[in-house]
Engineer: 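Let me begin by handing over the structure; questions about it come next.
First listed ligand is number 1; within each ligand, the first listed atom is number 1.
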Amino acid sequence: MTSPELSRLCIHTITNKPWPIETAVEEYARAGIGGITVWRDALDGREPSVVRKRILDAGLAVVSLCRGGFFASANPAVRAEAVRENLSVIRQAHELGAPHVVLVCGADPKQPLEDSRVQILEGISAIAGEASRFGVRLAIEPLHPMYADSRSAISTLEQANDICDLLDLPEVGVAIDVYHLFWDPHLPEQIERCGAAQRILAFHVSDWLTPTRDLLNDRGIMGDGCIPIRTIREQVVRAGFDGQIEVEIFSNSLWASDQRRYLDRIIDAYRRHV
Ligand code: ZN
């Protein structure tokens, strides 16, 4: 399989965090990129509908809104607040024109992971009706197990598939991120399982650096690490995914670099390694 077209490339606003969203939109459009995924912090002080118009006028697609979730907590008041917050994220996605919201589902070190998973199920159930009303889908993103303490009790694609099967709701699917899932020997069969249920809503790429110097903000550009990105992309495409391929990189060193040159490197890496 050869590399996909540039129009299939989407970049997350957080990848070029130093740029305000207006600059990111202008630069991505100039480069011929097809889409943008908006992180909520990029909307601070802005009307989502105005941002939507700017994105569409530039010829880009709004691919998704990042992120909702964080449903798990030992404190019931915190869980109730999370549900309220997610309802407003869904409305924000609707105003922005984002077809789905990525869910980082949450975990609480004060309780067992099993408890967090039950609360995640309850949280998604509580917001699914609103998602359906606004035509916004919910993408459960499994996170690497190094984040199982406080960010996500959903660490594998199998767990995400299990939750989707239990919920059995058309608006709920998964986001597959190579950074979080490349290590899992069951990944190919779980991607097939997603395909059979037609639930792959998003595909995120970056690379795993050795050594990784920061657990959160030291992701690499595709090809700079050890993830077999093209192999996983082929599996996802075989499973029926035909959406945009999203570059999501958190990196202190890349954020500190020249953002235009960094964008050129992303495009080159996309052509050669995705
Ligand atoms: Zn991701």
Engineer: Roughly, to 10 degrees, what angle do Glu141 atom OE2 and Asp177 atom OD2 form around the Zn ion (ligand 1)?
Structural biologist: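 OE2 of Glu141 and OD2 of Asp177 make an angle of 100° at the Zn ion (ligand 1), to the nearest 10°.
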
Engineer: Backbone or side chain, does Glu248 get an N/O/S atom under 2.8 Å to the Zn ion (ligand 1)?
Structural biologist: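 Short answer: yes, at least one N, O or S atom is under the cut-off.
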
Engineer: Is the closest basic N to carboxylate O distance between Asp165 and Arg199 below 4.0 Å?
Structural biologist: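 Yes, this pair counts.
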
Engineer: Provide the closest heavy-atom pair for Ala82 versus Phe71 in the form atom of the first, atom of the second, distance.
Structural biologist: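 Between these two residues, the closest heavy atoms are CB-CA, 4.3 Å.
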
Engineer: For the Zn ion (ligand 1), which N, O or S atom of His204 is at the shortest distance?
Structural biologist: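 The closest N, O or S atom of His204 to the Zn ion (ligand 1) is ND1.
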
Engineer: Tell me whether the NZ or CZ atom of Arg219 lies within the 45° cone about the ring axis of Tyr179 and under 6.0 Å from its centre.
Structural biologist: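 Satisfied, under 6.0 Å and within 45°.
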
Engineer: May I ask you to test the Ile221-Asp207 pair for a side-chain heavy-atom distance under 4.5 Å?
Structural biologist: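 They are not in contact (no side-chain heavy atoms under 4.5 Å apart), so the answer is no.
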
Engineer: Using a cut-off of strictly less than 2.8 Å, determine whether His12 has an N/O/S atom near the Zn ion (ligand 1).
Structural biologist: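 Here the distance criterion (N, O or S atom, under 2.8 Å) is not met by His12, so no.
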
